[in-house]
Number of protein chains: 2
Amino acid sequence: MLSIGKLGQAAGVKVPTIRYYEQIGLLPPPDRSAGNQRLYPRAALERLSFIRHARELGFPLEAIRDLLSLSDRPDHPCEAVDDIARAQLEATRARIARLRALEAELERMLAQCASGRVSDCRVIESLGNHALCTHHVEAV
Amino acid sequence: MLSIGKLGQAAGVKVPTIRYYEQIGLLPPPDRSAGNQRLYPRAALERLSFIRHARELGFPLEAIRDLLSLSDRPDHPCEAVDDIARAQLEATRARIARLRALEAELERMLAQCASGRVSDCRVIESLGNHALCTHHVEAV
DNA sequence: TTAATCTCTATAGCAACTAGAGCTTCAAGA
DNA sequence: TCTTGAAGCTCTAGTTGCTATAGAGATTAA
């Protein structure tokens with residue numbers, strides 16, 4: 001059995017985060033020692049590692065909740081799993097596209113600025129006047 | 001003079017957001033009508049548009065606060081402005097790089113999945129076993 | 001005048017944690 | 001066995017950038 005600290009270290013997740021995951025029902029409440037400290041079985045490490053990895057890949061906790069409940073049903077078809085992953089891929093691509101537009105806009109602003117006085121600054125000017133934008137970015 | 005609703009419409013910012021900006025000191029508190037409603041001068045529209053555009057470009061509010069106070073000093077050199085914009089560009093590029101690694105990982109997971117049973121699902125397997133990763137992504 | 005719309009304040013909520021206060025338990029060394 | 005320091009406990013509040021809601025008052029158009 002693992003203490004919460006050992007579990008956190010093994011999975012690369014901070015202790016308060018583990019307690020938070022328990023609080024929101026992503027990890028089942030483990031048994032406690034005589035002194036009321038959490039004691040985790042090996043299986044908890046697998047589950048927590050799964051969560052951590054999915055978080056690293058940008059899956060929101062709600063998606064992870066779904067993935068976990070799907071992974072508990074090994075005989076079911078895995079279409080739902082793929083759907084969640086595809087949605088995450090789509091979201092990732094959309095974020096990349098937006099960020100690239102931002103990158104281009106920032107580069108343009110900086111390239112035009114001669115670094116003189118604030119009154120001549122193209123960065124300030126560009127920010128104040130949306131019409132100067134080349135890319136017209138929508139919401140970030 | 002503009003009501004808060006007109007101002008919001010003109011700048012493309014929601015009314016509660018304007019009040020929020022005032023609350024955190026990003027917009028100065030305007031004069032009020034006899035009935036205690038906010039009345040904005042034209043200048044407020046410029047300032048709010050500036051904020052909105054900077055937000056669209058991903059600048060955090062704290063950076064925008066700095067940009068605004070710099071833009072109020074037209075005679076100063078604009079290096080500090082450029083620094084903030086460059087920092088934002090760097091942050092944007094870093095996010096793009098991370099997201100591209102995520103994209104590749106998600107694509108790989110999905111490509112390997114034959115869409116059969118959950119028990120054979122490569123997506124689930126990849127999430128559970130970090131060692132299967134090609135890219136070993138660090139924190140998102 | 002009346003109805004519709006707008007605005008006011010204040011509070012609470014979102015994601016996904018993080019930090020801190022104030023306490024208890026545990027493990028290891030003297 | 002005692003002591004000390006690390007690790008654990010619960011609870012609350014803070015982070016960012018808003019958004020939503022409630023219940024009241026102000027303004028405007030017909």
Side-chain angles (χ1 to χ4, degrees), chain A residues 1-27 29-40 44 48 50-68 87-88 91-92 95 98 102 138-140, chain B residues 1-27 29-40 44 48 50-68 87-88 91-92 95 98 102 138-140:
Chain A
M1 298 294 259
L2 299 164
S3 71
I4 194 169
K6 301 286 180 196
L7 174 69
Q9 226 169 359
V13 174
K14 288 180 187 149
V15 168
T17 304
I18 297 174
R19 287 195 278 249
Y20 169 72
Y21 287 162
E22 178 182 327
Q23 188 191 312
I24 64 170
L26 214 55
L27 286 176
D31 292 338
R32 301 291 183 114
S33 71
N36 198 35
Q37 302 195 350
R38 290 171 178 83
L39 288 179
Y40 292 92
L48 185 53
F50 183 100
I51 295 172
R52 184 203 164 192
H53 194 189
R55 284 295 300 132
E56 280 174 349
L57 289 169
F59 286 87
L61 289 181
E62 276 318 296
I64 295 172
R65 197 188 293 277
D66 292 343
L67 287 170
L68 281 169
Q88 181 57 26
T92 303
R95 288 172 69 194
R98 276 202 314 262
L102 300 186
E138 291 302 318
V140 189
Chain B
M1 300 294 260
L2 300 164
S3 71
I4 194 170
K6 302 285 181 196
L7 175 67
Q9 224 168 0
V13 174
K14 288 180 187 150
V15 167
T17 305
I18 297 173
R19 287 195 279 250
Y20 169 72
Y21 288 163
E22 179 182 328
Q23 187 192 313
I24 64 170
L26 215 56
L27 286 176
D31 293 337
R32 301 290 184 115
S33 72
N36 197 36
Q37 301 194 351
R38 290 169 178 83
L39 287 179
Y40 292 92
L48 185 54
F50 183 100
I51 296 171
R52 185 206 163 188
H53 194 190
R55 283 297 298 133
E56 280 174 350
L57 289 169
F59 286 87
L61 290 180
E62 277 317 297
I64 295 173
R65 196 189 295 275
D66 293 343
L67 287 171
L68 282 169
Q88 181 58 25
T92 304
R95 288 173 68 195
R98 276 202 315 262
L102 300 187
E138 291 301 319
V140 189

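Within every chain, numbering begins at 1; the chains are lettered A, B, ... in the order of the sequence lines, protein sequences first and strands thereafter. No experiment lies behind these values; they were computed from the predicted model shown.
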**Prompt:** In Å, rounded to the nearest 0.5 Å, how long is the span from CZ of Arg65(B) to CG of Leu26(B)?
**Reply:**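 Interatomic distance, Arg65(B) CZ to Leu26(B) CG, rounded to 0.5 Å: 5.5 Å.
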**Request:** Output the distance between atom OH (Tyr20(B)) and atom CG (Leu27(B)), rounded to the nearest 0.5 Å.
**Result:**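 Going from the OH atom of Tyr20(B) to the CG atom of Leu27(B) covers 12.0 Å.
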**Message:** So if I take residues 15-25 of chain A and measure heavy-atom distances to DNA chain C, which residues fall below 4.0 Å?
**Reply:**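 When residues 15-25 of chain A is checked for heavy atoms under 4.0 Å from DNA chain C, the hits, listed by number, are Thr17(A), Tyr20(A), Tyr21(A).
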May I have the distance from [X] (atom [atom1]) to [N] (atom [atom2]), rounded to whole angstrom?
X        : N       : atom1 : atom2 : result
Tyr40(B) : dC8(C)  : OH    : P     : 7 Å
Gln37(B) : dT7(C)  : CD    : C1'   : 4 Å
Lys6(B)  : dC6(C)  : NZ    : C1'   : 10 Å
Leu61(B) : dT19(D) : CG    : P     : 11 Å
Ile51(A) : dC17(C) : CD1   : C1'   : 14 Å
Ile64(A) : dA15(C) : CD1   : P     : 13 Å
Leu39(B) : dA26(D) : CG    : P     : 14 Å
Arg65(A) : dA16(C) : CZ    : C1'   : 12 Å

Quick one: are [X] and [Y] in side-chain contact, heavy atoms under 4.5 Å?
X        : Y        : value
Asp31(B) : Tyr40(B) : no
Ile4(A)  : Gln37(A) : no
Pro60(B) : Gln88(B) : yes

**Message:** Heavy-atom nearest nucleotide on DNA chain C for Ala34(A) versus Asn36(B): which residue maps closer to 5'?
**Reply:**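 Nearer the 5' end of the strand: Asn36(B).
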**Asked** Closer to the 5' end of DNA chain C via nearest nucleotide, is it Ser33(A) or Arg32(B)?
**Response**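 So the residue in question is Arg32(B).
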**Request:** Please report the shortest heavy-atom distance between Ala11(A) and Arg52(A), naming the atom on each side.
**Result:**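 Scanning both residues completely, I find the closest heavy atoms to be O-CD, 3.0 Å.
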**Message:** On a heavy-atom basis, which atom in Pro30(A) and which in Leu39(A) lie closest, and how many Å separate them?
**Reply:**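 Here Pro30(A) and Leu39(A) meet closest at CB-O, 3.4 Å.
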**Item:** OP1 or OP2 of dC18(D) under 4.0 Å from side-chain N/O of Arg55(B)
**Value:**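 Answer yes for this pair, as a side-chain N or O of Arg55(B) is under 4.0 Å from OP1 or OP2.
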**Prompt:** Does OP1 or OP2 of dG8(D) have a side-chain N or O of Arg38(A) closer than 4.0 Å?
**Reply:**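 For dG8(D), neither OP1 nor OP2 has a side-chain N or O of Arg38(A) closer than 4.0 Å.
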**Request:** Return the nearest nucleotide to the side chain of Ile4(B); candidates are dC9(D), dC8(C), dG17(D).
**Result:**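 Nucleotide nearest to Ile4(B)'s side chain: dC8(C).
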**Asked** Given dT19(D), dG8(D), dA16(C), which nucleotide is nearest the side-chain atoms of Lys14(B)?
**Response**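 Minimum distance to the Lys14(B) side chain belongs to dT19(D).
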